[in-house]
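A note on names: the letters A, B, ... follow the listed sequences, proteins ahead of strands, and every chain is numbered from 1.
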Amino acid sequence: MKNMISDLVKSINHFNGSDNSFEILRNIICDISDNKSLLNEPLVKELLYLAAQKMRTFGYNTMNHLDISIFQNVLQDNYSESTDEEIERHHNLSLILQNEAINSLYTSSSGNLLDKDQKNIIEVFNERPRLLVSAPTSFGKTYILREIIYQNYEHFRNIILIFPTVSLLNENVHEFKKFNRDLGLEYSIINTTQKKFDPDSRNLFIFTPERVLQLLNENPNFKIDFFFMDEVYKIDNFFDSTDSSEGSSKEEERDKVFRIVLYILSKKATQFYLAGPYINTTKLGEGFQRFIKLFDIRIIEIGVERVKKDHIHSWGTRATIGRKQIIFKDNKKISKLNEIISFLEKSDEGKSIIYAESKKKVSTLAREIVSVTNTIEPHYKLNMFIEHLIKRYSYTHRNQQIHKSWTLIETLNKGIGLHHGAFPKYIQSEILSLFNNGPLNILICTTSITEGVNTKAKNVVFYGSSKGGKELKCFDIKNINGRAGRYYHHFIGRIFYLDKKIHEKVQQNDDTLDFITFSNREVTDIDLDNVAINDLWGDNKARKADRELVILESGVDNNVLNKNKLIDKLKQIELVNLLKNKNILELKSIVTQCSSLKNFLENKTIYKILGYFEEVGLLTEFDVKKFGIITSNYSNSDGMYRLIKYHLDSLDEINAKSIDSIYTTVFSDIRNIVEYKVPKYLTIFGTLLEYVCSLPEINIGTEKIAIDFIIRFFEIGVQTELGTELAEIGFPITTIKMLEKEERDLMKYSFDAVKSNYHLLKHQFQQSLDSYEVYLLENIIAEG
DNA sequence: TTGCCTATGGGTGAATATCC
DNA sequence: GGATATTCACCCATAGGCAA
């Protein structure tokens, strides 16, 4: 304790603003603050306060509930006339003045106290408004964003904020609504492409890259003043391969969307702010360097974390945690994990995330851990949620209720959450919220947890040492580590390594982020289609020229091809030619089939359309069959049951492994095929069909085509206006489908009508919904 | 979907290193 | 020098890729 104080004094004196001295001082502050018993000491309080003020990192004082008043006892004393005391008094007075000076300097115009690094970023932006910031998780990147928007309110009329996932959109919509209201700003906050907006007033779009593309397609000349892109490393698939475990084939990877959106917006808006964690800005690829130069972008790299990270070597026979030690009884990886978990549980060391390498591994690990974990106290909301999962997703098969073999249910009952990309969005976010604010203390997850979602975990345990089949990159490891301890919640985050290789790898820093559009490397055809020839380099220029020639010769209107930016233009041309050569009668019948959902479903039009894609080589015969069966099955009101039943029928034994794999497959199929791929193909088809029909030589009226409605039906899975709105906010789709079937009268209302008359409809809703669903619905209504 | 094949990673025991 | 810890090499189970 005495050592700690003298170390603290020494480090305060040695602090000179360098990363190194910052880290040393931070480690001491965090170590002391993490040990609450030391905090009672008035001297410790004063020193901690001074240290944080000196670092201009005010979060530490907020977390320790320290402010200048801790010095007041000295001030309020009646000083005698002795000279020493006067000096002392003088010293304290100047301390207060100094403190006030610091605070007013670091208080932003919106009234928030900013850390030194945060303030610096805003100043740099105001000097040169194109910025790339690399900063660790929970550094406050969106906090800075709000400050930038506030300071530039006058000339930021239309703003786009880009986040990688829909759940992040919802989180940020909430925050920005509050920001907009609290500071009296006049932005309309728009997060879906369906929502109408007035281009001449102030708009704040909070979109995924896909939604940005759609916005730009529909409003090609729309003026954007400023945009923000979070997790900007996603433009480079080599750098980040988190998505590849999703089972998506190469051509579906998302990096292209990020690249194209960043390319288009950079050319459109003069001001932007790009952010991402752990980007080594001294090792940017050739293409990224050109991008920086071309757009005159300033780079800021924040290397040091605010939270101290304890890296705990757990691959050997023992693990040392501060002064405590675990001596492993067994050398098996799984038993070590169990020992770590029970250590953390017993010593009340906070919430933990366990990293597993695949969805399957998440379930198997869960099953092995659950047997040694203690049962938790009953928790009202958790129980409601479990009841709901059972009610909506469990069925009886061969006289067995399948949820009894569903690992998720078993683990939730024991206070363990599972998290991976396959679960429906609302299940993912409920599990996260039960982990962050509820009774779940352990979360077993894949890289899905790094998708920008914030958690309150203090510990991370590396069980998995790869990602799907692939090797974890240094970047991935850092990103997962970033979840250990959260600034403003913890001083220390712990990372347990069960594999030495992972710990070695995290020390290296050899990942290179590139923007291949501007590089000499071979880019994809889709990149070529969306980039101006003058911006390309190397062989890509010639490739683009060749393609342009083919496109020109085809005679197909380029504006039509541009509407679907993510599909190879040459393939689109092939499709146009295919449709052109069809018999007029066949085209007419397709148009009729697409005129209403009823016709579409009755004629099994989906097979015919997917068949066209097979003809041009975008799909295989197997895909067409599979996509067709799954979408048709799911489009029924008992779609979930049909998909699960299909797998159950071919099952020889009901056990946890087989049931888990059924749920994972069904959930993944719904996300991948029903909600993503099929709508994508239908959208292209719709565009091209309308184009072909409008050609003078064909000339078929297309006014009746309702393909947009059909697409939305598949994409969201529901039919009514109210259902669509509810689905968008994150209400369970299975539940909406049930309501659409059983409560037709109720579902005829508009969302606004339900909102304002909820007290009258309440009873009717309660009859069909389970208590968790009622809770969700009431939350949605309360939030408006 | 199914089944085969390959790559991977975990477990095991022997060999080597390290510590007292 | 002995005991313990760590590393290494090998084997096997398994998951995931791939093709029909």
Side-chain angles (χ1 to χ4, degrees), chain A residues 241-253 311-320 325-340 354-369 407 420-422 444 446-448 461-473 476-477 496-505 607 610 614 617 619-634 642-653 655-670 672-674 677:
Chain A
S241 32
T242 3
D243 286 344
S244 57
S245 60
E246 279 296 302
S248 50
S249 62
K250 274 199 181 100
E251 55 199 292
E252 321 284 353
E253 279 161 16
H311 299 258
I312 295 161
H313 306 186
S314 316
W315 56 84
T317 50
R318 61 186 65 205
T320 314
Q325 220 177 34
I326 312 175
I327 296 166
F328 294 118
K329 295 187 188 77
D330 195 328
N331 201 29
K332 281 187 190 134
K333 213 174 171 184
I334 186 74
S335 33
K336 284 184 183 173
L337 174 64
N338 278 328
E339 286 188 56
I340 293 173
I354 298 164
Y355 172 71
E357 57 207 58
S358 66
K359 289 172 217 157
K360 200 170 248 175
K361 200 78 198 172
V362 167
S363 316
T364 32
L365 261 191
R367 269 178 259 133
E368 295 187 71
I369 288 167
T407 305
H420 57 62
I444 310 175
T446 63
T447 39
S448 62
V461 187
F462 262 93
Y463 188 88
S465 46
S466 63
K467 176 179 54 187
K470 288 178 196 163
E471 190 184 19
L472 279 166
K473 294 250 166 62
D476 298 311
I477 302 173
F496 292 82
Y497 299 91
L498 287 164
D499 192 318
K500 198 182 174 192
K501 273 182 287 173
I502 298 296
H503 181 253
E504 278 164 359
K505 188 133 211 176
Y607 288 100
L610 293 176
E614 185 192 342
L619 288 175
T620 65
E621 190 190 343
F622 174 71
D623 288 335
V624 174
K625 230 168 116 183
K626 186 176 171 185
F627 291 8
I629 290 173
I630 290 178
T631 356
S632 322
N633 272 338
Y634 188 66
R642 289 187 188 212
L643 293 186
I644 290 178
K645 177 104 170 48
Y646 173 80
H647 292 276
L648 283 174
D649 286 342
S650 59
L651 203 66
D652 34 58
E653 195 196 343
N655 55 37
K657 205 173 156 186
S658 56
I659 294 298
D660 283 349
S661 115
I662 289 178
Y663 280 112
T664 311
T665 328
V666 168
F667 287 146
S668 305
D669 283 348
I670 293 173
N672 257 330
I673 297 170
V674 183
K677 285 185 186 164

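Across the protein-nucleic acid pair, His503(A) atom NE2 and dT7(C) atom P stand 12 Å apart, rounded to whole Å. When the C1' atom of dG9(B) is taken as reference, atom CG of Leu365(A) falls 13 Å away, rounded to whole Å. Taking atom CG of Leu498(A) as the reference point, atom C1' of dG9(B) lies 14 Å away to the nearest angstrom. Here the P atom of nucleotide dT1(B) and the CG atom of Asp649(A) are 12 Å apart, to the nearest Å. The distance between atom CZ of Phe462(A) and atom P of dG10(B), rounded to the nearest whole Å, is 13 Å. Rounded to whole angstrom, the span from the CG atom of Leu337(A) across to the C1' atom of dG9(B) amounts to 16 Å. In this structure, the CG atom of Asp623(A) is 14 Å from the C1' atom of dA20(C), given to the nearest Å. Between the CD atom of Glu357(A) and the P atom of dT8(B) there is a distance of 12 Å, rounded to whole Å.
Set against dT7(C), dG16(C), dT1(B), the side chain of Tyr646(A) has dT1(B) as its closest nucleotide. The side chain of Trp315(A) lies closest to dT7(C), out of dG16(C), dG10(B), dT7(C).
No more than 12 heavy atoms of other residues, nucleotides or ligands sit less than 6.0 Å from atom CD of Glu621(A).
To the nearest 0.5 angstrom, Lys361(A) atom NZ is 12.5 Å from Ile354(A) atom CD1.
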Please lay out, stage by stage, how Asp499(A) and Phe462(A) fare under the test side chain to side chain contact (heavy atoms under 4.5 Å, CB included). CA-CA 8 Å; Asp499(A) 192 318; Phe462(A) 262 93; over 6 Å; no

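Using a 4.0 Å heavy-atom cutoff across all strands shown, His313(A) reaches no nucleic acid atom at all. Across all strands shown, Lys361(A) has no heavy atoms under 4.0 Å from either base or sugar-phosphate atoms.
Under the side-chain hydrogen bond (donor to acceptor under 3.5 Å, both in side chains) criterion, Thr407(A) pairs with Arg367(A), Asp660(A), sequence neighbours left out.
Of the residues near DNA chain C, Lys360(A) and Lys500(A), the one whose nearest nucleotide (by heavy atom distance) lies more toward the 5' end is Lys500(A).
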